[in-house]
A.B. asks: 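Take this structure, written in structure tokens, and hold onto it; I'll ask about it next.
Every chain is numbered from 1, with letters handed out A, B, ... down the list of sequences. Quick note: numbers below take in every heavy atom, side chains included, and nothing from hydrogens, waters or symmetry partners.
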Amino acid sequence: MRVIADREVCVGAGQCVLTEPDVFDQDPEDGRVLLLIAEPGKTYEDAVREACDLCPSGALSIAED
Amino acid sequence: MTQIDASELQVDEIPAFPTQRSCPFHPPGEYAEIRQGDTPVRVALPSGRVAWLITAHDQVRQVLASPHVSSDRGRDNFPIRFKQPDPEITEKFKEFRPSLIGVDPPFHTRLRRSVITEFTVRRTRELRPRVQEIVDGAVDDLLESGKDGRPVDLVAKVSLPVPSMVICELLGVPYADHDFFQDRTATLISFKRAPEDGLKAFHDLGDYFRDLVARKEKAPTDDLIGRLIVAGRENGDHDSEELVGLAQLLLIAGHETTANMISLGTVALLEDPEQLRALREDPDTLMPKAVEELLRFFTIADTVTARTATADIEVGGITIRAGEGLIASGLAANRDPHAYPEPDSLDITRNARNHVAFGYGVHQCLGQNLARLELDIVYRTLFGRVPGLTLAVPAESLSYKDEALVYGINEVPVTW
């Protein structure tokens, strides 16, 4: 599972960080999403899917490859 | 699915936008009727305008995330709820274009980006010790005022002062001016006030911030307004008037909303002793869920999520035409039985995190993490420090803000 984070779309709501701080952070410079783990394993799958669903701007997606 | 063309409907068939609640804890009864069929319906607003009311959770998220909607209050069909009987005043209201919530990308994108770092999850968490001090001070004041056993107003002692002090410190606004800005905010969002009074309140706040920004431009202070002045000058895009609008919006949005959630959440929990007992026993597990559930349950800014379509949008089997107004009702969406089992029950153990009480799309509340922090600390402190807290009057006889853009309670007399 590969996570794609589009920093051009991100509005910095912080929903992803609240959902899974191991995978997502906010850049202290601009507040936008930072991926801490680009290919999170099974342990994170549910949380990553929830973060993608909660993201208000559509900045997060999952590439199933 | 059948496509309905709005022009085929007769105007006199359009029902008025429902606003009358029969129970203070639940949406107007018509919301449930409108929801049957999960198709957007047209409603007539007190301003005389007609808008599509969207009630299904997935459709509300769909339209708010769409790039084909505009938040610009100046558009001809924007679903304004306030009565505007005088065309001259309607014209003047075109200036009434709130910062952030009333602007579209790409301008909105630049403006929001200029201020995101102030509201990140990490920055907000760093505020916890200071917010706890402010809450402790407010609860001290509440306890002191009621030590003779007489009822004390929770709104005056805790609900309003806490978020007002927090946002004042963050922005760099003197808290001593709270009577002024609380009064003007209440006027601004009231449906009962005369249009010219709303305009005056807006201008008063603008003048206040124009003066404050001018002072901080001379000597920038270490607060949000000061930091934006410094950053804007470094980037070469400092714009005084833009900052005045932004600061004004952040102050209004930062105190009135959270204040109402403090009051409503406290009353709802006091009315539900079993859930309150569970929450008091295990706040670390239950409080974050309780905060989300209370946000879902009350959705106090139900219709702030109004838009105008800028292209034809297919939603729930109908076509909303470019130029038509729509209201993506957060309250209806958050009571959608397809999204939440038993939506009209307050259940602090459910996962309500996908509620739309903070909106959705690029305009989703900038201060949501600060609001969560304040609600978490206030509920913990209030219920932790005041074990005998109780309403001095029945919940149903309280004065609720049915006549305002943001729902809440005017006064909450409590004893302990």
A.B. asks: Donor-acceptor pair, Tyr360(B) side chain versus Cys55(A) backbone, under 3.5 Å?
C.D. replies: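 Side chain of Tyr360(B) to backbone of Cys55(A), a donor-acceptor pair under 3.5 Å: yes, one is there.
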A.B. asks: With a 4.5 angstrom heavy-atom cut-off, could you sort out which part of Arg123(B) is near chain A: side chain, backbone, both or neither?
C.D. replies: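 Neither part, no heavy atoms under 4.5 Å.
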A.B. asks: Scan for ring pair (Phe, Tyr, Trp, His ring centres under 6.0 Å) pairs involving residues 101-132 of chain B, sequence neighbours excluded, and state none if there are none.
C.D. replies: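 Only His108(B)-His363(B) qualify under ring pair (Phe, Tyr, Trp, His ring centres under 6.0 Å).
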A.B. asks: What part of Glu29(A) gets within 4.5 angstrom of chain B, counting heavy atoms only: side chain, backbone, both, or neither?
C.D. replies: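 For Glu29(A), backbone heavy atoms alone lie under 4.5 Å from chain B.
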A.B. asks: Rounded at 0.5 Å granularity, tell me how far CZ in Arg61(B) sits from CG in Leu54(A).
C.D. replies: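 Spacing of CZ (Arg61(B)) from CG (Leu54(A)) equals 7.0 Å.
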A.B. asks: Where do Ala65(B) and Pro56(A) come nearest, in terms of heavy atoms and distance?
C.D. replies: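 Closest pair (atom of Ala65(B), atom of Pro56(A), distance): CB-O, 4.5 Å.
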A.B. asks: Look at the side chain of Gln26(A) and the backbone N and O of Val121(B), then say whether any donor-acceptor pair between them is shorter than 3.5 Å.
C.D. replies: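 Yes; judged by distance alone, with no hydrogens or angles, the pair exists.
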A.B. asks: So what's closer than 4.5 Å to chain B heavy atoms on Pro21(A): side chain, backbone, both or neither?
C.D. replies: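 Neither part.
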A.B. asks: Return the set of residues passing side-chain contact (heavy atoms from CB on, under 4.5 Å) with Thr117(B) (not counting sequence neighbours), or none when no residue passes.
C.D. replies: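 Result, side-chain contact (heavy atoms from CB on, under 4.5 Å) vs Thr117(B): none returned.
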A.B. asks: Taking the side chain as every heavy atom from C-beta outward, state whether Val17(A) and Arg122(B) have any pair of such atoms under 4.5 Å apart.
C.D. replies: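 In short, these two side chains do not touch, never coming nearer than 4.5 Å.
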A.B. asks: If the contact rule is any heavy atom under 4.5 Å from chain A, which residues of residues 346-359 of chain B qualify, in numerical order?
C.D. replies: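 So the qualifying residues are Asn351(B), Arg353(B), Asn354(B).
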A.B. asks: So which of Asp27(A), Val9(A), Thr19(A) has the biggest tally of heavy-atom pairs under 4.5 Å with chain B?
C.D. replies: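 It is Thr19(A).
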A.B. asks: Counting only heavy atoms not in Arg128(B), do more than 12 sit closer than 6.0 Å to its CZ atom?
C.D. replies: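 Counting other residues, nucleotides and ligands, CZ of Arg128(B) exceeds 12 neighbours.
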A.B. asks: Please list, in residue-number order, every residue in residues 229-239 of chain B that has a heavy atom less than 4.5 Å from any heavy atom of chain A; write 'none' if there are none.
C.D. replies: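 No residue falls under the 4.5 Å cut-off.
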A.B. asks: Does any N or O in the side chain of Arg112(B) come within less than 3.5 Å of the main-chain N or O of Val11(A), such that one atom is a donor and the other an acceptor?
C.D. replies: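 Looks like yes, one N/O pair under 3.5 Å.
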A.B. asks: Rounded to the nearest 0.5 Å, how far apart are OG1 of Thr120(B) and CZ of Arg32(A)?
C.D. replies: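 The CZ atom of Arg32(A) is 13.5 Å from OG1 of Thr120(B), to the nearest 0.5 Å.
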A.B. asks: Please report the shortest heavy-atom distance between Arg113(B) and Arg7(A), naming the atom on each side.
C.D. replies: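 Heavy-atom minimum between the residues: NH2-O, 3.8 Å.
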